[in-house]
*Asks:* 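Before I ask anything, let me first share the structure, which is written out below as structure tokens.
Chain letters run A, B, ... following the sequence lines, proteins first, then strands; residues in each count from 1. Bear in mind that the values here come from a model prediction, so they are computed numbers and not experimental data.
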Amino acid sequence: MRIDCKHVWEHISAYIDGEVDADLRADIDRHLETCEICSAVLDSTRNFVILVADDRVFELPAGFSQRLHARLDRELELTG
Amino acid sequence: MTASNPELEAEWIRRILAGERHLFHELIRPCERAIYFLLLNLLRNEAEAEDAAQETAIKVYLNLRLFRGDSQFRTWVLSIARNEGLGRLRKLGTRREDSLEAGTDEQTGDYTPAILTSWREVPAEALERKELGAILRKAIEGLPEIYRNVVLLRDIEEMDVRETAAALGITEGAVKVRLHRARAMLQRVLAPQLGGFAPKRRGLFGRRA
């Protein structure tokens, strides 16, 4: 089946997560072979998904962990 | 994110309850990031989120006996964090336009992505440049809250759909729809901004193309 760009965009997220069925995946793959725009949309979306998973994007505040465990230590002593 | 290990967690919980309290530090450590960023998303204030994260960890410790192991430990911890955050919001009397409890599936709706014909991948090394991280954070912070939470747990903390749904108290279908929309919004916002972070192509004679 031939599918159009809009149809591909609707499924991009599920496609990235491997959650589209085999038939739809094959349709999307065929479309991507010839559609530069959808290929770029897919690549850019997948690129952001990979980038935001990097721990450097969202860093805990400096000293967060030390303060948390110091407070826990006090609590653990209290309940001991 | 540290992958959870249910057998080890169960063993630690048993030993903590039997008196080896110091092991609680190791048990909670892999959940710290997700607790903090979930609360920061809710409360939008770093100091408040940090205090709420500490309270959450203490509540987890005090209620450890109640963990039944029918969900993942981290899911249970995050639902405690979410309740802590929602409780604080209620106390502050914050009116929320988009409630986390709005668990029904939204209409998928149409969207048009940023249309590109060429996209060069931005490599993870580009994150050494602080501006890139700032642009990504700003884009995510600009998402409506119901989308932000799903991006946080699925794409930032890399939790699976089931765990994300359980932690946020929404259906798996809602997780997928929201994630799709969120990624679409991010693509639209980010694609035009990030071209400059891709490696430059070298032209002939080493000049920049």
*Asks:* Please enumerate all residues that pass salt bridge (Lys or Arg N to Asp or Glu O under 4.0 Å) together with A:Asp43, with sequence neighbours excluded.
*Replies:*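 Once residues adjacent in sequence are excluded, the partners of A:Asp43 under the salt bridge (Lys or Arg N to Asp or Glu O under 4.0 Å) criterion are A:Arg46.
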
*Asks:* Heavy-atom pairs under 4.5 Å with chain A are the metric here; pick the option from B:Pro113, B:Ala57, B:Ala184, B:Ala191 that has the most.
*Replies:*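 If we count pairs closer than 4.5 Å to chain A, B:Pro113 comes out on top.
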
*Asks:* For B:Ala134, is it the side chain, the backbone, both, or neither that has a heavy atom closer than 4.5 Å to a heavy atom of chain A?
*Replies:*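 Contact with chain A is absent: no heavy atom of B:Ala134 under 4.5 Å.
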
*Asks:* Is A:Ser39 in contact with chain B via its backbone, its side chain, both, or neither, using a 4.5 Å heavy-atom distance?
*Replies:*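 Contact with chain B is absent: no heavy atom of A:Ser39 under 4.5 Å.
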
*Asks:* Got a donor-acceptor contact below 3.5 angstrom from the B:Arg33 side chain to the A:Phe58 backbone?
*Replies:*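 Confirmed, B:Arg33 side chain pairs with A:Phe58 backbone.
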
*Asks:* So for B:Asp51, is it side chain, backbone, both, or neither that comes closer than 4.5 Å to the heavy atoms of chain A?
*Replies:*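 Looking at B:Asp51, backbone and side chain both touch chain A.
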
*Asks:* Relative to chain A, which segment of B:Ile28 carries a heavy atom at a distance below 4.5 Å: side chain, backbone, both, or neither?
*Replies:*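 Interface part for B:Ile28: side chain.
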
*Asks:* So does A:Ala14 get a backbone contact from the side chain of B:His180, meaning a donor-acceptor N/O pair under 3.5 Å?
*Replies:*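 Flag not set: sc B:His180 to bb A:Ala14 has no pair under 3.5 Å.
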
*Asks:* Indicate yes or no: does B:Arg21 engage A:Glu75 in a salt bridge with an N to O separation below 4.0 Å.
*Replies:*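 No, no charged N to carboxylate O under 4.0 Å.
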
*Asks:* Should A:Ile12 and B:Gln187 count as side-chain neighbours, where that means a heavy-atom distance under 4.5 Å?
*Replies:*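 When only atoms from C-beta onward are counted, B:Gln187 and A:Ile12 do not touch, as no gap falls below 4.5 Å.
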
*Asks:* Hey, does B:Glu32 have a side-chain heavy atom less than 4.5 Å from the side chain of A:His69?
*Replies:*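 Result yes, sub-4.5 Å side-chain heavy-atom pair found.
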
*Asks:* State which residues pass salt bridge (Lys or Arg N to Asp or Glu O under 4.0 Å) with B:Glu141; sequence neighbours excluded, sorted by chain then number.
*Replies:*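 B:Glu141 satisfies salt bridge (Lys or Arg N to Asp or Glu O under 4.0 Å) with no other residue.
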
*Asks:* Is there a donor-acceptor contact under 3.5 Å from the side chain of B:Arg183 to the main chain of A:Ser13?
*Replies:*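 Checking the backbone N and O of A:Ser13 against the side chain of B:Arg183, a donor-acceptor pair under 3.5 Å is found.
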
*Asks:* Taking every non-hydrogen pair under 4.5 Å, which of B:Ile140, B:Leu179, B:Leu127 racks up the most with chain A?
*Replies:*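 Of the candidates given, the most pairs with chain A belong to B:Leu127.
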
*Asks:* So which of A:Ile16, A:Ile50, A:Thr45 has the largest heavy-atom pair count under 4.5 angstrom toward chain B?
*Replies:*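 The option with the most such pairs is A:Thr45.
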
*Asks:* So what's closer than 4.5 Å to chain A heavy atoms on B:Leu152: side chain, backbone, both or neither?
*Replies:*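 For B:Leu152, neither part sits under 4.5 Å from chain A.
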
